[in-house]
Amino acid sequence: MEGRPALTLAFAAAVLVAGGVFYFLVVLLDVQEIGATAKLDAKTFFDLVKLSFGVVAGAGALVALVVAYRRQRVDEAGAHREATRLHTERFSQAVDKLGSDSPAVRLGGVHALAGLADDAPDNSLRQTCIDVLCAYLQLPFTPDPGTDPAHQEEHHRYLAFRKVRHTILRLIGDHYRRPKGTQRSWQGCDLDLTGVTIDGDMDFAGATFSGSTTSFAGATFSSWDVSFAGATFSGGDVSFVRATFCGGDVSFVRATFSGGTVSFDGAIGSAPQGLLAVVGTPPPSGVTLPSAWLLVGSVDPVGLKRSLAPRNGGHGRSGPWRAG
């Protein structure tokens with residue numbers, strides 16, 4: 001039923017074209033005067049017949065083209081529905097694995113969800129996979145019971161489940177560092193790490209945060225290295241509101257802030273390495289810093305020192321974001 005208007009339009013176009021051709025022939029041959037001056041000879045008659053058949057054939061070809069186009073659209077829609085169905089089945093299986101009591105099974109679920117995000121038929125399904133991984137990080141977890149021999153089993157279990165969390169953090173960083181539009185890139189997708197304890201290394205070096213919403217609001221950065229070195233913040237909304245910086249090495253060396261909003265309002269702890277140096281004081285429009293950080297001065301000496309350090313030389317902590 002949906003294709004009937006298209007077919008009707010195609011036939012109408014064919015009739016109009018045929019009418020135009022015959023009108024042109026009438027004018028060209030001056031048929032209006034043919035009855036008074038000469039008879040229509042057989043050759044001219046057959047030429048007109050052949051032209052008529054050509055017009056009809058052209059109309060038929062146009063109709064066939066419309067029908068083929070409609071069939072292609074139907075086939076594409078069917079293929080998308082099938083891909084979505086398969087994605088949904090795999091998604092359900094991966095989520096079930098995340099709820100397993102076995103750390104190894106959960107780890108398999110994490111990689112399955114990351115793969116599903118890469119292969120998702122559309123961005124909405126990709127976003128759903130990312131949301132589930134972020135939600136897993138937001139779940140409360142049992143703290144480390146320590147290395148007391150009496151709690152050895154609990155300690156090993158804690159380490160196993162922490163491995164799952166660290167894998168998610170690593171995969172998120174890996175995918176957001178890939179240029180937007182390339183295979184396995186998650187740039188442009190929302191990232192909700194609100195309230196998450198970053199208990200593992202994350203590398204966003206060179207990533208671009210643009211056209212999406214990224215939230216580290218209320219997150220805790222402690223005892224681990226998180227790099228935004230060389231990252232670009234433009235045209236998106238990034239929140240570090242009430243985030244806690246109480247240890248580890250959080251680096252914004254060589255980061256670029258141009259457009260969008262980046263808020264550190266209410267953040268607790270010292271300013272991350274290099275942030276004040278690249279932002280400057282007062283910060284540009286769209287960047288919000290705690291007043292306590294602004295009082296430190298327009299230059300973060302530690303961050304500036306790191307940003308001027310040789311790229312492949314010198315000493316200090318190793319890592320993909322070492323300034324240079």
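Put simply, the side chain of Ser210 never gets that close to the backbone of Gly235: no donor and acceptor are under 3.5 Å apart. With Asp148 contributing its side chain and His151 its backbone, the two residues share no donor-acceptor pair below 3.5 Å. A donor-acceptor distance shorter than 3.5 angstrom exists from the side chain of Trp293 to the backbone of Gly269, with no hydrogens or angles considered. One N or O on the side chain of Thr128 and one on the backbone of Ser124 form a donor-acceptor pair closer than 3.5 Å. Counting only distance, with no hydrogens or angles, the side chain of Thr182 and the backbone of Arg178 share no donor-acceptor pair below 3.5 Å. Although no hydrogens or angles enter the test, the distance criterion places a donor-acceptor pair under 3.5 Å between the side chain of Trp224 and the main chain of Asp199. Ser185 places a side-chain N or O within donor-acceptor distance of the main-chain N or O of Pro179, the cut-off being under 3.5 Å. Counting only distance, with no hydrogens or angles, the side chain of Gln138 and the backbone of Gly195 share no donor-acceptor pair below 3.5 Å.
Between the side chains of Asn123 and Gln127, no donor-acceptor pair is found at a separation under 3.5 Å. In this model, a donor atom of one side chain and an acceptor atom of the other lie less than 3.5 Å apart for Asp237 and Thr261. Checking Tyr136 against Arg106 by side-chain atom types alone, a donor-acceptor pair falls below 3.5 Å. Using a 3.5 Å distance cut-off with no hydrogens or angles, the side chains of Ser251 and Ser227 do not pair a donor with an acceptor. Remark: the Asp265 side chain and the Ser263 side chain contain no N/O donor-acceptor pair separated by less than 3.5 Å.
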Audit row: Asp174, Arg170, salt bridge (charged side-chain N to carboxylate O under 4.0 Å, His left out) steps and yes/no
CA-CA 6 Å; Asp174 289 347; Arg170 177 180 58 80; 3.4 Å; yes
One pair to check against ring-ring contact (aromatic ring centres under 6.0 Å, His included): Phe228 and Phe240. What are the steps and the verdict?
CA-CA 13 Å; Phe228 294 93; Phe240 292 89; 5.6 Å; yes
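In this structure, Leu171 is a member of the same hydrophobic cluster as Val95, with clusters built from ILVMFWY side-chain heavy atoms closer than 4.5 Å. Taking hydrophobic clusters as Ile, Leu, Val, Met, Phe, Trp and Tyr residues chained together by side-chain heavy-atom distances below 4.5 Å, Leu295 does not share a cluster with Ile268. When hydrophobic clusters are built by joining Ile, Leu, Val, Met, Phe, Trp and Tyr residues whose side-chain heavy atoms come closer than 4.5 Å, directly or via intermediates, Val132 is grouped together with Val196. There is no path of hydrophobic side-chain contacts, each under 4.5 Å, that joins Leu98 to Val105.
Of all heavy-atom pairs between Ala255 and Val278, the closest is O-CB, 3.7 Å. Scanning both residues, Val238 and Phe233, for their nearest heavy atoms gives CG2-CD2, 3.8 Å. In this structure, Phe209 and Ala231 approach most closely via the heavy-atom pair CE1-CB, 4.3 Å. Of all the heavy atoms in Leu169 and Asp201, the pair that sits closest is CB-O, 4.1 Å.
Annotation for Glu89: atom CD counts as buried by contact number, over 12 foreign heavy atoms lying within 6.0 Å.
His87 meets the ring-ring contact (aromatic ring centres under 6.0 Å, His included) test with no other residue; sequence neighbours excluded. Not counting sequence neighbours, Arg242 has no partner by the side-chain hydrogen bond (donor to acceptor under 3.5 Å, both in side chains) test.
With contacts defined as side-chain heavy-atom distances shorter than 4.5 Å, the pair Lys180/Thr208 does not qualify. The shortest distance between side-chain heavy atoms of Leu191 and Ser215 does not fall below 4.5 Å. For the pair Asp119 and Arg90, the minimum side-chain heavy-atom distance is below 4.5 Å.
A salt bridge between Glu154 and Arg157 is absent, with no side-chain N of the basic residue lying under 4.0 Å from a carboxylate O of the acidic one.
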